[in-house]
Structure formats: structure tokens, C-alpha cells
2 protein chains.
Amino acid sequence: MSTITDVARVAGVSVATVSRALRGLDRVSPQTRRRVLEVAEQLHYVASPTATSLASGRTRVVAVVAPFLTRWFFATLVSAIEKELRAHGHHVILFDLEDDTYDQRLPLTQNMLWKRVDGVISLNVPMTDDEVALIDRLGLPLVAIGSAVPGRPCVRIDDRATMRTAVEHLIDLGHRRIGYIGDVPRNVAHVETPQTRLTAFRETMEAAGLPVVEDWVLGSDWTAEAAAADSARLLCTDHRPTAIVAASDEMAIGVRESARRLDLEVPRDLSVIGIDDYVLSEVLGLTTVRQDVAEQGREASRLLLRALSDPADTSGPSDLVMPTVLVVRDSTGPAPA
Amino acid sequence: MSTITDVARVAGVSVATVSRALRGLDRVSPQTRRRVLEVAEQLHYVASPTATSLASGRTRVVAVVAPFLTRWFFATLVSAIEKELRAHGHHVILFDLEDDTYDQRLPLTQNMLWKRVDGVISLNVPMTDDEVALIDRLGLPLVAIGSAVPGRPCVRIDDRATMRTAVEHLIDLGHRRIGYIGDVPRNVAHVETPQTRLTAFRETMEAAGLPVVEDWVLGSDWTAEAAAADSARLLCTDHRPTAIVAASDEMAIGVRESARRLDLEVPRDLSVIGIDDYVLSEVLGLTTVRQDVAEQGREASRLLLRALSDPADTSGPSDLVMPTVLVVRDSTGPAPA
DNA sequence: CTGAAAGCGCTTACAG
DNA sequence: CTGAAAGCGCTTACAG
């Protein structure tokens, strides 16, 4: 492969001129520029990003940090971010922070970031103080999605309002006995969405004058499988709710499936609502409160790109709250008389 | 942030010695090494990967190339690969080649790879001749998953045997009228799995002396939604199969859902089987032929790592075929009398 | 508008 | 065992 020196030699100019011509800087005569472009093309010249980075101090790479990657929400974000950034000349280096157990994750380290990336997008991972300090020390811009990081821009939905929408939909349908799934049993430092949504559930119930039956607040690891198993224990008793709100569609699907196995008809015997509008929710006819996940990824990318192009520009929004909308399908219906 | 020069100065040695000591090379006295390590630690020194790459010619970064990222299969692979590679000091830069329409994808370019990565893992994307030539020219090792690339190691399942297992399961249950979903209408250059599986379906039917009814071979874009819509048109007629084999679980889920809506009971009125063991398949009780996707990602990573550590070592397998296994759940049953 | 030269922060023969 | 120096391939003031 050819280097900038080859191009300079063949074009009969200095490497400095090649560098300027190729990057579209001014102060290069049109003829020279044309000549350089021709030669570069002909030699299949592509600047070595590693050399460019060393000299310029910029890598044009962004770290995308996720607590899991296999789950739909995160995969959707990563895909959207990668496309948006690549369309603007940046690449994505991926960090899957999932650890062996659900209640902990790997830490972000200097080795992952230092001179390797120009910025960071965190997907729903609340940063520890040490991590924020690290990113500060490295002088990297950071945009958060989902879980806000103090002092940094964040793209998210309003979790409380979203949960309220879900619960109120059930209340509007006449439900009074409402269960919940999505509590996270242990104190997990790396996801805060579960806490927020559960709190919003309690608040909404209270505001409506409805009791929260603690036996109907189910823990789960947020997978459909666990939700099916956990809810089965509740649904097989007579003392059960007429509706369940799940903190995610994947869990809602699990709940509905376990109802089905127990010969409970949805929504006649049990209404189920989730949050997300997961990829399978439409086909499965699940009522949900939809969020546009890909758009959140794109917005976060744009915010980061702006911070990269002009570090001084702090005019952008520091908290971008995206709308969510109730989508009524077949899994919710009037409360039984 | 400190550089190698800082460490050298504080430790009172040359940068060459720091470099050797930190990388664990021999020819450094124990005392000196200890001293250097101490100073490096104390200064929070981490070598600049960009400088290291320029000097050594290695980036310790691997390109992972996928045709889609939002789909479970690919997200699962990426997650497994990222973890395996990172455990061995390598990072993943991600390329989502999805384009606006389903029947084309973005090309792999020199700009994505040159001096940016040490190797490539392709996820079920058949390479064009140009792309293979590019990778050759750049001297990069390549490991393929799913769709083989001529002359390069590949990790995959036996698509034909896997499909045969699915079809024979239905035949064993007494089904004679068997439909198929997962044909890809146009000539899509970037996925070959659909072709292989459809061919295997035809072969298996023929071998069993069963007719392939062309009206029962359905096209689809491999999403659950499209599968639901496409199969609904077939299932609402009287002239319909007693079983449908789907080329993926996601499509099988769509088919089963559309059966449900048409008040066909699964498996009494219609048996449905898929391939994959998708994340929701167990909870939805779907019969399938399981493949271990994450393990394929890990194996591919190991193969690439080996090629990176010793380019001359060609002793490894060039075609690693992973087993698949029939998992019978609730969506298949005896053919109606 | 163009070039010579320093510098980015490492690694790697080459001497000693 | 250790160091001085060249080199990796660019970018960026500084002169002209």
C-alpha cells in the first residue's frame, strides 16, 4: 500500500501539499489539488488512520459502551449509532460491559479510552464517580442515553411519564387489581431504569387511590423467560391481579405466555401491557408504550458529533427527552366485572 | 496524561527500557523492571495505542462486519466476539453494512480496514470478489461465520442437515402437506443462507417422496412481521398445509401468531417449526433446531486470534461445522388424520 | 501557494 | 542488561 510520500513523489510536490490537498484545506492551487487527487486515486492511497491520529491527536473513533449487547434495546441503539457516526466519518469501537452475573458489570478503564477514542456514548449505564473522573481526566466528551450522567448531555425518555401512561391505561380500562413485574431485587449499580419505573408505578397507583399489593410486585432479571416463570407463581393462585404492567415488552411477553399456559385468556382474564414496542410486540399484538430507540441513538450521535466538532459549543440541549406513545393492541381490555 | 518519556525520566532510564519492561520482554533486570512498573503505575501511564500501532504496525483491533445488527443472531454473535477478543487484548470496531433496502448492502472499503484493523470477522456476509481482493491486498486475516469465503476459515452450521432435521421431524409426525417460509424473492448477493435452506427443504421433501407445493413456498424478508402477513394469506384458505417449516425462529413465531389470529390451533391444526432457538423461542414454546450462536462467535474469535499470533500457522481447521439439535416443544404435533 | 522540518509517542534493530 | 537513534506516516506551525 502506498503512503503519502509515494503520492508526493509521483505528483511532484511535498507531503505537506498532499496532506493539504487531500483534506480540502485552502491555500492549494486548483491545478495542484487536481493533480494530487488524481495520483492518490491512481495509487489507491488512503491515509493511515493510525498516523493521522498520532499527528492530529484525533482518532475519529467513538466508544459505545453497553451493559448488554444481546438485548434488543441495546442492539437497536448500537446499530443506529454506528450508521449515524459512520455517515459523518467516525467509527465505533464497542464495549460490552456485561459480566458473569447480572448484578455487576465491568468497569470502564483508561486502557479502553486513552488515545483510542475521541468521545463516548454510554447506553443506559450509570457511571461511577471513578469513571466520570476518568473521562474528565482524559478530556473526552460524553453523551448518555437513558441513564443520565451528571453534567453531561443525555438523551432519554421520561421513564416516569411513560410508566404512568401504561398504568393509567389499565386504570382507564377499569382495573383496580394491578400487578407489576420488573423490580430488580439487588442493588444493581449499573441500571437505574428499573428503580425509576417501579417508583412511577407506585406513584401512579397511589395517585389513583389504588393499593399496591406487595405480593404482586415481581422481581425479574428483565428477560421474557424469567418473567414467565416469576409470573406463573402469581397467576396460578386465585388471589391474583386482573392486569399486570411490565417494565419492558420482553417481560410482558413472558407474562402473557405464562397466562396462556395456565389457560387464562388475555385480555379477558388478564390484561398485560409493556414498555418499548419491542421488535416482536406488534406481531404478538402486545399493548405497549412505544419509544423510538433508534432515534435516541441518532440524537445522541448528533450531540456527540457536535461536541467533537466544537468543544466550546455548549448551546445544545443537555437533556433531550424523547416522546413515548401508548399503542393499544390486543393484550389489554376492560377489567372483568 | 503521561507519556513514555515521563516514565523514563522519573524512573531514570531510557524510553527503550521502559518499552521493554512494560511489555514484559526479557533483557531487563528485575530491579529495573520493578522500578519502571512502579513509576508507570504511579503516573497512571497507559501506552498510546495510536503511537504503538504506528510503530509496531499492529492495531490490536478487529473489524466485525455484519449485514444487520438489530437482529438477534447478529447481536448475539457480536457480543460473544467482543468478549472473547477483549479477553485477549483486542478491541472490536463495528461495521453495520445494512443499507436502505433489504436486497443490497454497503460494500467493505479500504478506508474501513487499512491500518485500522489487524483482521476481519464477517458475519454471514458473502464477500464479493472485489472485497476478497481488497482484504488480500491489505494482507488481513479473515474468518467467516455462516457464509464461507473461499480459501478462508469458516465457522458455521450445516444448513442443509439442519433444515433436513426440521423437515424430517414434521415427516416423522405424519405430515405430508408441508409448507415453507423464508424464500428470498430477489437475488440478494449478501445472504446465502436462505438459498441453502430452501434447497435443503426441497431435497428432503423429494427424498421422502413428498411434493413441494409451490404455492406453499413463501417469500419473506425474514422478520416475524412479514412472516405473519405472508402466511396469513395462505392459512386463511382451505387449501393449506398441515405444517410449516420456517427458515428461522423469528419467522416461525410470525407464522404461529397468524395461525392464532385465524383461530387455527397450534399444533392441532398446524405444526410450526423454526431454526435457531431464538431468545424467545423457549418461552413461546416453539419447536426448533437449535444452533449455539455465541459459541460460533467465540470459535471464530479464537481462529482469528490464532491467525494473528502466528500468520504462518495454517494447522487450524478451515471449516468448523458446529452441531445443531432438534428441540421439540409445543408448536409441533401429529398431523391431523 | 508551497516546502523543509519538527513533532506526535511509541518500537526496533544496532551497539555496547 | 541498557541506551541512542532511526523510523512508523502523518499534521502543523513557520518561512518564504
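- Distance, A/L25 CG to C/dT2 P: 13 Å, rounded to whole Å.
- Helical stems in DNA chain C, defined as runs of 3 or more consecutive Watson-Crick or G-U wobble pairs with both donor-acceptor distances under 3.5 Å, are listed by first residue as C:1-3 with D:14-16, C:5-12 with D:5-12, C:14-16 with D:1-3.
- With 3.5 Å as the limit, one finds a donor-acceptor pair spanning the side chains of B/T17 and B/S14.
- Distance check, rounded to the nearest 0.5 Å: CG of A/N124 to OG1 of A/T193 gives 4.0 Å.
- B/T50 and B/S53 are not linked by any side-chain donor-acceptor pair at a separation below 3.5 angstrom, with hydrogens and angles left out of the test.
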Pairs under 3.5 angstrom only: tabulate donor-acceptor contacts from the side chains of residues 59-68 of chain B to other protein residues two or more places apart or in another chain.
from, atom 1, to, atom 2, distance (Å)
B/T59, OG1, B/V61, N, 3.2
B/T59, OG1, B/R116, O, 3.3
B/T59, OG1, B/D118, N, 3.4
B/T59, OG1, B/D118, OD1, 3.0
B/R60, NH1, B/H90, NE2, 3.3

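- Of all the heavy atoms in A/L134 and A/T109, the pair that sits closest is CD2-C, 3.6 Å.
- The stretch residues 2-18 of chain A touches DNA chain C through A/V13, A/S14, A/A16, A/T17, each having a heavy atom within less than 4.0 Å of the strand.
- In this structure, the separation between CG on B/L77 and CD1 on B/I145 is 4.5 Å, given to the nearest 0.5 Å.
- Applying the 4.0 Å criterion to OP1 and OP2 of D/dC1, one finds that B/T32 has every side-chain N and O outside that range.
- Residues B/K115 and B/S29 both approach DNA chain D. Their nearest nucleotides, taken by heavy-atom distance, put B/S29 toward the 5′ side.
- Residue B/S48 places no side-chain N or O under 4.0 Å from the OP1 or OP2 atom of C/dC10.
- Rounded to whole angstrom, the span from the CZ atom of B/R58 across to the P atom of C/dT11 amounts to 12 Å.
- Nucleic acid contact class of B/T50 (heavy atoms, under 4.0 Å, all strands): none.
- Closest contact between the side chain of A/T52 and the listed nucleotides D/dC10, C/dT2, D/dT12 involves D/dC10.
- Between the P atom of C/dT11 and the CG atom of A/L54 lies a distance of 12 Å, rounded to the nearest Å.
- B/S79 and B/T76 share no side-chain donor-acceptor pair at under 3.5 Å.
- Between B/A55 and B/R33, the residue whose closest nucleotide on DNA chain D is further toward the 5' end is B/R33.
- Listed nucleotides C/dA4, C/dC10, D/dT2 differ in distance to B/A47; the shortest reach to its side chain belongs to C/dC10.
- No side-chain heavy atom of A/E84 sits less than 4.5 Å from a side-chain heavy atom of A/E299.
- Taking atom CH2 on B/W114 and atom P on D/dC8, their separation rounds to 12 Å, with Å as the unit.
- To the nearest angstrom, P of D/dT12 lies 14 Å from CG of A/L22.
- OP1 or OP2 of C/dT11 sits under 4.0 Å from a side-chain N or O of B/R23.
- B/M1 places its CE atom 16 Å from the P atom of C/dC8, with the value rounded to the nearest Å.
- Rounded to whole Å, atom C1' of C/dA15 lies 11 Å from atom CZ of B/R20.
- Of the options B/S122, B/S147, B/P150, B/P107, a side-chain contact (heavy atoms from CB on, under 4.5 Å) to B/M127 is made by B/S122 and by none of the others.
- In this model, a donor atom of one side chain and an acceptor atom of the other lie less than 3.5 Å apart for B/R23 and B/S19.
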